[in-house]
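Down below is the structure, laid out as structure tokens.
Just so you know, ligand 1 is whichever comes first in the structure, and atom 1 is the first atom listed for that ligand.
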Amino acid sequence: MTDAHDDFDGIIIGAGHNSLVLQAYLGRAGMKILCIDRAGTAGGGLATVEDPRHPGFLHNTHSFYHRALNQMPWYRDLELARHGAIYIEPEFNVALLLEGGESLEWWTDFDKTAASFERFSRRDAAALRNWRDRFLPIVQNILGPESQSPPLPPEQRRLLLQKTAHGRLLLETSALSPLQFVMREFEHPTIQAGLLFFNGLREVDLRCEGFGHHIPALLASTGKAQMCRGGSASLARALVSAVHESGGCLRLRCEPRRILIDNGRAVGVETQDGQVFKARHFVASGLNPQQTFIDLMDEAHVPQAWRDKAQAFSYNLIAPLFALNLNLNAPPRYQAARGNPALDKALMVIMGLEHVQQYPEIVQHHEEGRIPPTVMWGSCPTVFDPSQAPAGKHTAFMWEKLPYALDGDARNWDHEKETHGRSMLELWMRHAPNLADDTIDWFTRSALDTERSLPNMRGGDLLVGAFTNGQVGYHRPFAGAGHYRGHVQGLYLCGSASHPGGNVTGFPGYNCAQVVSADLGLPAPWAPPSIEERLAQLS
Ligand SMILES: Cc1cc2nc3c(=O)[nH]c(=O)nc-3n(C[C@H](O)[C@H](O)[C@H](O)COP(=O)(O)OP(=O)(O)OC[C@H]3O[C@@H](n4cnc5c(N)ncnc54)[C@H](O)[C@@H]3O)c2cc1C
């Protein structure tokens with residue numbers, strides 16, 4: 001245990017997975033790093049909690065689907081399998097269940113996905129193959145490496161991309177909005193709806209030009225949804241174990257009051273209970289820009305232009321999630337599985353989505369703070385990992401995108417959420433009638449509950465900041481702060497408000513570790529070549 005007034009090489013605020021990735025890399029380079037968090041458990045969105053009324057029933061209250069997690073460079077470098085994070089990837093990834101009993105399916109095996117598309121439209125199955133083939137090298141050689149590196153200024157990036165055919169295709173496709181891309185390339189309304197659903201999981205506004213490449217990139221990506229054995233918190237525990245092994249310290253239930261600045265340098269953190277932790281080299285924030293630059297820094301230490309930009313940082317309207325969590329005697333048994341038994345083994349099941357025309361309606365409801373007709377998705381984790389419930393029992397959940405400010409005020413969720421949870425359960429029972437008898441108990445969580453537990457997710461935005469053209473890449477979180485450095489020496493940003501944004505990718509922390517290592521002259525043999533070099537080498 002470290003003395004409260006020990007000096008550290010660096011201090012990190014917020015113990016989300018990005019912060020822990022940064023801390024473990026720097027610890028392995030010999031730095032003595034402290035990470036502090038207001039919560040009682042480290043890991044932020046890697047939370048698995050036991051239902052207090054039903055011992056042994058575990059629920060993943062934030063993230064569950066970890067895309068290609070065991071292919072992440074930091075998973076390998078930090079030896080997280082050895083630290084206990086084991087991943088399961090059910091080969092039937094996603095099923096979109098339709099009222100008529102049909103389903104649109106995504107499999108790890110691409111040919112099975114294409115066969116499912118073909119049952120709806122031959123032309124769309126051909127488009128799927130065509131875009132998968134065209135984007136495979138783009139994902140492998142451009143988009144993948146870009147997400148794992150500090151970003152380039154947009155003009156420099158554009159000039160490099162324009163030099164190759166793949167780069168030009170990426171720029172042309174990006175110029176569209178996801179909606180334009182899907183409507184231009186695919187014809188069947190169910191396939192159009194399914195593709196836009198996946199775009200929606202990345203929270204990008206489907207009308208926003210500049211993001212048309214998202215869908216072909218998803219089609220080409222070999223990385224599929226995975227889940228962590230024992231629940232998402234197993235990844236947090238593995239990261240904490242890697243941090244401890246690297247000599248790092250964690251202080252939980254420790255709330256920062258301010259970042260200390262001396263002589264134009266970030267030199268430490270003072271906590272709400274008056275402790276002062278000093279940092280010889282740096283302070284990194286895994287929080288959002290309003291927290292970092294406005295709440296935690298004296299006005300005198302932040303130029304007005306930075307305060308204004310931090311204040312203007314915006315959040316995703318359509319990101320907030322509402323969750324219905326069930327304790328069960330048996331897993332959901334879908335009616336549609338009578339004709340297609342594999343459906344009971346799909347990792348993710350989507351219900352309520354029938355037609356692409358539902359999207360404008362959903363967006364409008366969000367804009368007006370009203371509950372749209374339900375489109376929901378979720379899983380029964382215990383089908384794949386029995387350890388998340390008592391022997392023979394199960395847990396399951398459904399998520400729905402619902403407006404944060406219900407009827408103009410997020411607090412309305414506190415009295416609305418039971419009613420809405422019941423209506424989701426009714427829809428679920430229509431598809432899986434056994435839930436009427438097999439449900440032991442259930443509870444809900446609103447986007448306001450999310451924000452209460454993770455205040456960096458302002459407005460319940462689980463990606464910690466909108467993906468809009470002003471807030472991506474080199475300009476995320478805002479112009480001038482897109483290289484993980486703050487406005488004073490020794491101040492860094494390492495959370496999802498930085499490139500490439502939210503979700504459990506670890507890349508904001510991984511990229512920040514590259515920048516801090518370079519600035520401090522630390523050995524970083526794990527770091528990839530710079531993105532400039534990699535794009536310049538493309539043929
Ligand atoms: C309901 C829900 C479902 C999700 N599902 C998925 C999913 O399936 N797949 C996926 O990839 N992602 C999912 N996400 C998103 C994912 O959880 C986040 O994008 C991710 O956790 C962000 O990681 P982070 O390290 O940047 O920060 P976080 O995980 O948000 O961690 C931030 C940390 O900072 C701490 N903190 C906040 N404010 C302060 C403060 N003032 N002082 C000190 N500490 C503070 C918090 O306690 C927390 O520990 C989901 C999120 C939610 C809410």
Side-chain angles (χ1 to χ4, degrees), residues 11-23 35-47 59-69 72 201-203 223 225-228 232-233 235-236 239-240 250-259 269 271-272 284-288 290-292 294-296 316 319-325 347-348 377-379 381 397-402 404 444-465 467 477 493-510 512:
I11 298 173
I12 305 176
I13 304 174
H17 78 290
N18 282 302
S19 298
L20 298 174
V21 166
L22 170 67
Q23 189 179 12
C35 182
I36 63 172
D37 199 295
R38 65 190 282 280
T41 319
L46 299 174
H59 295 274
N60 297 288
T61 46
H62 297 129
S63 71
F64 174 70
Y65 306 102
H66 294 172
R67 200 175 163 78
L69 203 291
M72 297 293 174
L201 287 187
R202 286 292 291 149
E203 322 304 342
Q226 302 179 334
M227 55 180 275
C228 198
S232 300
L235 178 59
L239 281 163
V240 167
L250 278 163
R251 282 290 173 101
L252 301 173
R253 293 193 187 84
C254 179
E255 190 146 0
R257 178 184 293 150
R258 61 192 175 118
I259 296 171
V269 174
T271 64
Q272 290 290 357
S285 169
L287 309 185
N288 69 39
Q290 286 92 357
Q291 290 175 304
T292 305
I294 296 171
D295 301 347
L296 290 179
N316 288 292
L321 281 191
F322 184 94
L324 167 66
N325 299 276
L347 174 61
M348 182 196 291
W377 72 99
S379 285
F397 67 89
M398 278 290 147
W399 289 338
E400 182 180 356
K401 285 172 179 287
L402 290 178
Y404 169 76
T444 56
R445 279 180 62 88
S446 70
L448 179 60
D449 296 327
T450 294
E451 188 189 49
R452 282 173 178 144
S453 53
L454 299 171
N456 52 313
M457 295 187 185
R458 194 158 154 167
D461 179 358
L462 53 95
L463 295 184
V464 199
F467 287 107
L493 306 175
C494 65
S496 295
S498 293
H499 170 79
N503 276 331
V504 179
T505 69
F507 290 138
Y510 178 75
C512 181

Can you tell me if Ser453 uses its side chain to pair, donor with acceptor, with the backbone of Asp449 under 3.5 Å? yes

For Pro256 and Val269, work out which heavy atoms get closest and say how close. CB-CG1, 3.9 Å

Partners passing ring pair (Phe, Tyr, Trp, His ring centres under 6.0 Å) against Tyr404 (at least two apart in sequence or in another chain): none

Can you list, by chain and residue number, every protein residue with a non-hydrogen atom closer than 4.0 Å to ligand 1? Gly14, Ala15, Gly16, His17, Asn18, Asp37, Arg38, Ala39, Gly43, Gly44, Gly45, Thr61, His62, Ser63, Phe64, Tyr65, Pro256, Leu287, Gln291, Leu321, Trp399, Thr450, Leu454, Pro455, Asn456, Met457, Leu462, Gly495, Ser496, Gly502, Asn503, Val504

Taking the side chain from Ser498 and the backbone from Pro508, do they hold a donor-acceptor pair closer than 3.5 Å? no

Decide ring-ring contact (aromatic ring centres under 6.0 Å, His included) for Tyr65 and Trp399; before the verdict, give the C-alpha distance in whole Å, the side-chain angles of both, and the deciding distance to 0.1 Å. CA-CA 12 Å; Tyr65 306 102; Trp399 289 338; 5.7 Å; yes

Any donor and acceptor pair, going by atom type alone, linking the side chain of Asn288 with main-chain N or O of Gln290 inside 3.5 Å? yes

